[in-house]
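Have a look at the structure below, then the notes.
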Amino acid sequence: MANPLLEIDQLSVSLQKRKQTLKAVDNLSLKIYSGEILGLVGESGAGKSMTGSAILGLIDPPLFISSGKIIFEGERIDQNTKNIRGSKISMIFQDPLVSLNPLRRIGDQLVETIITHFDVSKTQAFERAKSLLEEVGIDPSRINAYPHTFSGGMRQRVVIALALAPEPALIIADEPTTALDVSVQAQILDLLKKLAKERGTAIILITHDMGVIAETTDRVAVLYSGRLAEIGKTADVLKDPKHPYTKGLVASTPRIDANSLLEKLFQIPGAMPDLDNIPEGCPFHPRCDFADAQCRKEQPPLFQNRSACWLSKD
Amino acid sequence: MNRFMQSDFFYHFRNTPVAMISFAVFTCIILAAVFANIIAPYNPFDPASLNLMNGFTPPMQANDFTGEVFLMGTDDQGRDLFSTILYGLRISLFVGVMAVALAMVLGVLLGLIAGFLGGWFDVLIMRFADIQMTFPSILVAMLIYGVAKGVLPPDLRYEMSITVLIISIGLSEWVPFARTVRGSTLVEKEKEYIIVAKMIGLNKWQIMIRHILPNVLSPVLVIATITFALAIIAEATLSFLGVGVPTTKPSLGTLIRIGQDFLFSGEWWILLFPAITLLALALSINLFGDWLRDTLNPKLK
Amino acid sequence: MSYVIANQLTRHYDLSDPWIIRQINRRPKNILTAVNHVSFSIEKGEAYALVGESGSGKSTIAKMVSGLLKPSAGSIHIDGHDLNGPILDGKATHSMRQRIQMVFQSPYASLNPRWKIGNIILEPIKSFRLIADEKQQHKRVAELLDQVGLSERDVSKYPHEFSGGQRQRISIARALASQPEIIICDEPTSALDVSVQAQVLNLLKDLQKEFSLTYLFISHDLAVISTMANKIGVLKDGKLVEEADSAELFANPKHEYTKMLLSAAPNIGVYVHSERKS
């Protein structure tokens, strides 16, 4: 395989609470290649957004990167992200209003971004802005409109255009469709797929929704308590999950099906532990039906590049 | 109690020197005032213990005539300044506590009702509050004080002067309470637990008192500490201006006014010690109140 | 006759500027019709779901059925009684209220943070004067907590000591405390994580069987609805565009909008069940 675009190597993000050191992300390793969509899925507090922030260098005190490396295009960026952030790596947030300046026309915001990153004239930048809008499915004649004149879905398209303006190699999309209606969500996800395919942009899609993962991503990484539980091709992971947590997650996701009314949903007992209460050994063991003495004592490594569970050892 | 000792609140307190020092100073002052009759070497309100010959004794110096020594000196009538300050603190603190209590009850109730009921009652209360806020509160207090003094029969004026003082300061400070409580009420009343309370048939008053009130009180605590400092200063100002408590029962403000008369004739201590006490009191309350506000407000964390 | 009958429900909201400003700008009144002549009926013991995107009027209907909001036109009959009828005196309203309870979306805003769990669940029992004896009251609270999968020890805890899913259980226990016949669930699991959502949905299913409850489900999530409701109404812009039995609707949607919703909904089933897409 080609060299990965981005490599996260044994990353830990910690925070100091009184005298305890808590790990929000623990020993996480990931690779992402150009042109693919990698899903980061997990429940709230699993550390998925934190991983996105770490790549962008947006970890603020009291949180800090306590160990590990982040390598982007062969360069370490975990220490200094100033030049990478915003030009080679872009971010899309859940709420489009956070990323847009409500007082400025969308065209101006696009042109400004283009001019800061490329040596072009204002007219050229304006033309580029128009073609960006067209690419994300917005009528280019609306280039002089203000953000509030767009609907939620259209605004998210503007945000994507803005994220594309510096022609990034990697886009991190943190729950980009959670605030949107189902019909609009599907359009935005299709747009992301198109971008990965046509532009060769790598996309990290952070979400809690297994349905979104199933419909959008090429590979998926399942996080639990800040640790990687399972990673692999989306089809493999969803069809044949190896880690008991992934199994539970897949089985407990309601699916649209005429028969599902009769069945009961599979349920995982309990809830994910708080950061200051992560059990020893495998963090999932108190909720796991297969847990044995080893699971309670030792934290499993990732076996066969797939599943961090002692059951997957052989 | 054990839970409190382990709470984030207490941990934060232990790690903020300003909070600890201001709280310690404040506690010392309160204790000194409460136990004034034990700590104070003289009773300044007992004319029998006064000796006019002791007048104007400087601090820590023997009096020329009687040879007595006073920690902070004496005033013109020979009253021991240290004892007078302790007893004066009592009056200042009493007026402050009662005025804040009045302002708090009034403000919380009006704010709660205005926020929950809305409509014309809300408009009426809040516009009145706006108008009152355009005047400095000390002016409002003086106005109420003046009217009350005029209305009261002359023989009651003297006895009632502290009550009148409390009411005038209390009435001049209710607005911040009302505004804050109204704001929190507007947020709280849209929450779903209030809808549930309506669905199980509670009436407006039950919802207001049982459900909303407990949830709008934490900012009130912070405002109360800051208003407490303001009320003590207001009392001192009014007494300094000569409209407050009578000279026979001097508060800190009265003492400062008396001291001011002698500042230029060289008896500096009569002004200085009450002024330092007032400063220490107001400053410690304010610093502690600021810390409390920062700690209890999650947005500033 | 059906247990719940909503007949030509309509609700307007007046979004106009104040009168004086309208006069100056020469603008007419701005009336938004949130719900437009919606009729549906729910049989006793059935779970009916209203599905729609934001602005479809589904929450407004929930509020009208719960009695919190009066319809601008149309009527709601519950067990033959007109919910907003003139015949209802204070006492009848009281007993009508007792029959309908609600479970809300937010596990945070639906419990009073200053109250202990025991008191939260006890409140409807006291308000409706269901049990007078204090000992019996406590027994009842313990029983309710047990029914939703919590323990009697939790009575003296505060809401913040519980996770989101547990808080939804507490909300459900409080709703059950009134011994209602109808529970309106307004997006009860959309703020929860998947594994916890399954727990809460299963609990709602069990309770429905146990107490033969009638559910009105409000949701945007077709997957959740498909596991819960046996009849579904699809709302768009305040109008009911399609209504069918659950199995029929998913197998054979008629209205274009329903078809679009179904194809747009992210569905994990694409991998797990059949190979609908590549």
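Order of the sequence lines sets the chain letters (A, B, ...), proteins ahead of strands, with each chain counted from 1.
A donor-acceptor pair is defined here as one N or O able to donate and one able to accept, closer than 3.5 Å; such a pair exists between the side chain of C:E242 and the backbone of C:H255. Put simply, the side chain of C:Q199 gets close to the backbone of A:I268: a donor and an acceptor are under 3.5 Å apart.
A:Y245 does not touch chain C: none of its heavy atoms, backbone or side chain, sits under 4.5 Å away. Both the backbone and the side chain of A:E43 have a heavy atom closer than 4.5 Å to some heavy atom of chain C. Interface residue C:Q197: only side-chain heavy atoms are found under 4.5 Å from chain A. Interface residue C:L222: backbone and side-chain heavy atoms are both found under 4.5 Å from chain A. Interface residue C:A229: only backbone heavy atoms are found under 4.5 Å from chain A. For a residue to count as touching a neighbouring chain, one of its non-hydrogen atoms must lie under 4.5 Å from one of that chain's; by this rule C:D245 does not touch chain A.
Of all heavy-atom pairs spanning A:I92 and A:A163, the tightest one is CG1-CB, 4.0 Å.
Among the candidates A:D181, A:V212, A:D240, the residue making the largest number of heavy-atom pairs closer than 4.5 Å to chain C is A:D181. Between chain C and the options A:M272, A:R287, A:Q267, the largest number of non-hydrogen pairs under 4.5 Å is found for A:Q267. Ranked by heavy-atom pairs under 4.5 Å with chain C, the first of A:G42, A:G152, A:P254 is A:P254.
Other residues, nucleotides and ligands contribute over 12 non-hydrogen atoms within 6.0 Å of the NZ atom of C:K157. By the 6.0 Å contact criterion, NZ on C:K63 is open, its count of non-hydrogen atoms from other residues, nucleotides or ligands being 12 or less.
Between C:Y48 and C:F217, the ring center distance fails the sub-6.0 Å criterion.
Distance check: C:K205 NZ to C:T227 OG1 gives 5.5 Å after rounding to the nearest 0.5 Å.
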